Every structure is written in C-alpha cells, then in structure tokens.
J.: 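I have a structure here, written as structure tokens, and I will follow up with some questions on it.
Heads up: numbering here begins at 1 and tracks the sequence. Just so we're clear, the structure is a prediction, and the values are computed from it rather than from any experiment.
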Amino acid sequence: MLGAPFTTCPNTTDRATAQDWLEPAWGAVGIESVVVKGLAQPNLPGKRAWIKGRSRTTSEAVIGVITGSLKAPLCLCWSSTTRPVTCIWSPTPPR
C-alpha cells in the first residue's frame, strides 16, 4: 500500500457515477478527469488504448478596449455571451 502523497483513486462501472465525477465541484477534492477503459482491458505500456475525459470550465470573451500600453494597461473591458461589458481598472478607476 502506498502512503502520502499517493491515494487510491475511486472507480466505478456505473456511467452516471463517472459523469457525476466530471462536475467542476469534484475538482476541489482532486478529481479532474476520468479514465474510461474496458472492464477486462489491461494496461498496455506505450499504447493509448484508454480514454481520458477531463472536466473543464471555460468561458469565451471578446476584449473590446485596452487603455494605456499593452505592457501596463490602465483599463481592460470585455464582454461575453453570458456577461455584460465588464471593465477592470489598474490601480483604480478615474474619478
């Protein structure tokens, strides 16, 4: 039996359980992906016979405005399909 920092990974033959493990909340406890393989399929060193499914949380945005220089921007504004226009000021917005 291996000790810290190694741990035994959970396993299941239930598809719904594996899909639940791909929810982003599981990332907080260290599950970032699942490996899918045939039940009787052995590990084949040097071969990519198993499938790894990763959990991802992503977002796309369009940068609309940058004020100041690219190396030291004063303001960055963007928008996405899920958020209205958002601006970040460095260090603080002008008055």
J.: Quickly, which of L44, N43, V36 forms a side chain to side chain contact (heavy atoms under 4.5 Å, CB included) with W50? Name it, please.
T.: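 Answer to the side chain to side chain contact (heavy atoms under 4.5 Å, CB included) test with W50 among L44, N43, V36: N43.
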J.: To the closest 0.5 Å, what do you measure between OG1 (T17) and CG (N11)?
T.: 10.5 Å
J.: Are any of the side-chain heavy atoms of W21 and T12 separated by less than 4.5 Å?
T.: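 With C-beta onward as the side chain, the pair touches.
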J.: If you look at every heavy atom in L22 and G53, which pair is closest and at what distance?
T.: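 Where L22 meets G53 most closely, the heavy atoms are CD2-O, 3.4 Å.
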J.: Looking only at heavy atoms, what is the nearest atom pair of V85 and C77, with distance?
T.: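 Heavy atoms of V85 and C77 come nearest at CG1-CB, 4.4 Å.
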J.: If you apply the rule disulfide (SG to SG under 2.5 Å), what do you find for C87 with C75, and how did you get there?
T.: CA-CA 7 Å; C87 295; C75 175; 4.5 Å; no
J.: Would you say T13 and L39 make side-chain contact, with heavy atoms under 4.5 Å?
T.: yes
J.: Minimum heavy-atom separation for P73 and I66, please, with both atom names.
T.: CB-CG2, 3.9 Å
